Protein chains: 2
Amino acid sequence: MSSEHPTEPDGSDTKDRARRTDAKRSFNALVQAARDVFASSGVDAPVRDITGKAGVGTGTFYRHFPKRGDLIAAVFRNEVDSCADAAPALAENHPPLEALAAWLHRYSEFIATKRGLASALHSGNPAFETLPAYFDARLRPALSQLLERAAKAGEIRTDLDADDIISAVANLSMPARTARPDHTRRVVNIFMDGLKSR
Amino acid sequence: MSSEHPTEPDGSDTKDRARRTDAKRSFNALVQAARDVFASSGVDAPVRDITGKAGVGTGTFYRHFPKRGDLIAAVFRNEVDSCADAAPALAENHPPLEALAAWLHRYSEFIATKRGLASALHSGNPAFETLPAYFDARLRPALSQLLERAAKAGEIRTDLDADDIISAVANLSMPARTARPDHTRRVVNIFMDGLKSR
DNA sequence: TGATAAACGGAACATTGTTCCATATATGGT
DNA sequence: ACCATATATGGAACAATGTTCCGTTTATCA
């Protein structure tokens, strides 16, 4: 489900050869290493930290991500993919309301842990311009699926759509400066309670 | 009104000599140069750009601002001071409602042009920890003064306090990605209309 | 006016971003 | 299985920027 090669342009291939397997391996290793390093050191971490953890040279890094923002965008896309892909899995293994709650917390964690995200989106960097659309395209269907299932079961109110909920939970999950540790989880729970039909 | 030396600790001076005048001059030159450079190149502008414009050496820079965040915080404090100081001046020279509207636009512009602000506040950098309290301490009284004056004249509703308005206008002023040029000014105007008593 | 501590400037050093290219390797045709 | 070739790789070299250090200058006070 998750696209390991997110930005392939139109299907036209003037290329006579396919992308080499070592290139794919490097690409994935870099995205994964970057995710770890970003989590511990923030999105401004040195390139050498990432290449070191990925076990590739700096030249390889710049071959795959000519602009630094390209890597950050790839990491975000990768994480959004994981989050979206969690929805069908949850739907299969849990009752409707439970699956919905679990996914909202999953999504909330994604927002809360990505400090750099909001800044990146507002930075004006062209590498990030397509991200919001991508987020929407992946997350809305994922949530819609869970919502519809819960709505069919008559377990939630129906006067909010996926968009409302995605942005509401995002705002709730923005880490507040003065918040107690479990703050986000609690407010999202409250929101979730409000979502239930009475 | 504006404090040119914002972070002097408790009044106790164990110091036998006062701060030298050239030190004050350098400090102010740096803050002013930084404000200009930040405006044109963002808060990540090279240190040498700032020292160059200020006409001081890099050593002087680090003597005044051991951490880069210290400078950014100083610039923000400086701008908040300007904004707060505008309130009494507007109150003297304009009718209540007009003064209030003018100040809200002034404040809105401050928020809108400081892209780096929100990111800085959420960055977890300890240099910024005291900023929100400072903002509140300076801006709330400034706005309260204008609100009370307009309320006494019976020109505005009274079921919103300064805090509500400060945060509401801040949210309205956050530059949206897809917004048309004059977007912020228009929505702030609408908010201002809503504020009038009927 | 002279002694002194404070402040200054900028070279030197440290860190990180980016480019370049000689070398290594996957791929498709034979 | 082997070769020719485009592709990918690694890391040294370079560039840009952050930060420290210290010899020199200057404001302040007695």
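Heavy-atom basis, side chains included; hydrogens, waters and symmetry copies ignored. From a predicted model like this one, the values you see are computed outputs, not experimental measurements. Letters A, B, ... are given to chains in the order of the sequence lines, protein chains preceding strands, and every chain is numbered from 1.
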Would you mind reading off the distance between [X] atom [atom1] and [N] atom [atom2], rounded to a whole angstrom?
{"X": "B/R25", "N": "D/dA27", "atom1": "CZ", "atom2": "P", "answer": "7 Å"}
{"X": "A/D22", "N": "D/dT7", "atom1": "CG", "atom2": "C1'", "answer": "8 Å"}
{"X": "A/D49", "N": "C/dG17", "atom1": "CG", "atom2": "C1'", "answer": "13 Å"}
{"X": "A/F65", "N": "D/dT9", "atom1": "CZ", "atom2": "P", "answer": "11 Å"}
{"X": "A/N28", "N": "D/dA8", "atom1": "CG", "atom2": "C1'", "answer": "15 Å"}
{"X": "A/R63", "N": "C/dT18", "atom1": "CZ", "atom2": "C1'", "answer": "15 Å"}
{"X": "B/F27", "N": "D/dA27", "atom1": "CZ", "atom2": "P", "answer": "20 Å"}

Mind checking side-chain contact (heavy atoms from CB on, under 4.5 Å) for B/A137 and listing every partner two or more places apart, or none if nothing turns up?
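By the side-chain contact (heavy atoms from CB on, under 4.5 Å) rule, B/A137 matches no residue at all.
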
Partners of A/A168 by side-chain contact (heavy atoms from CB on, under 4.5 Å), sequence neighbours excluded?
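Listed in chain order: A/F191.
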
State whether the distance check finds a donor on one side and an acceptor on the other, under 3.5 Å, for side chain B/R20 versus base C/dA7.
no

Cationic tip of A/R19 above A/F27 ring, under 6.0 Å, 45° of axis
yes

At 4.0 Å (heavy atoms only), tell me whether B/S26 reaches a base, stays on the sugar-phosphate, or touches nothing.
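Answer is sugar-phosphate: B/S26 comes under 4.0 Å of backbone atoms only.
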
Under 4.0 Å, counting only non-hydrogen atoms across every strand here, what does A/G52 touch: a base, just sugar-phosphate, or nothing?
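Counting heavy atoms under 4.0 Å across all strands, no contact is made by A/G52.
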
Can you give me every donor-acceptor pair (side chain of residues 30-39 of chain B, partner residue at least two apart or in another chain, under 3.5 Å) with its distance?
none

Under 3.5 Å, side-chain donor or acceptor atoms of residues 99-107 of chain A against the rest of the protein: list the pairs with distances, not counting sequence neighbours.
residue	atom	partner	partner atom	Å
A/W103	NE1	A/C83	O	3.0
A/H105	NE2	A/N189	OD1	3.1
A/Y107	OH	A/I166	O	3.0

Which nucleotide in the set C/dC8, C/dT27, D/dT9 lies at the smallest distance from any side-chain heavy atom of A/H64?
D/dT9

From D/dT9, C/dG9, D/dG10, nucleotide with atom closest to B/V56 side chain:
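The listed nucleotide nearest to B/V56's side chain is C/dG9.
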
Expected string for nucleotides 16-24 of chain D under the B/S/- scheme (protein heavy atoms, under 4.0 Å, primed atoms plus P, OP1, OP2 as sugar-phosphate) is -SBBBB---

Exercise answer: donor-acceptor pairs, residues 41-59 of chain A side-chain atoms, under 3.5 Å, sequence neighbours excluded:
residue	atom	partner	partner atom	Å
A/T51	OG1	A/V47	O	3.4
A/T51	OG1	A/R48	O	3.2

Side chains of A/M192 and A/L97: closer than 4.5 Å at any heavy-atom pair?
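Result yes, sub-4.5 Å side-chain heavy-atom pair found.
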
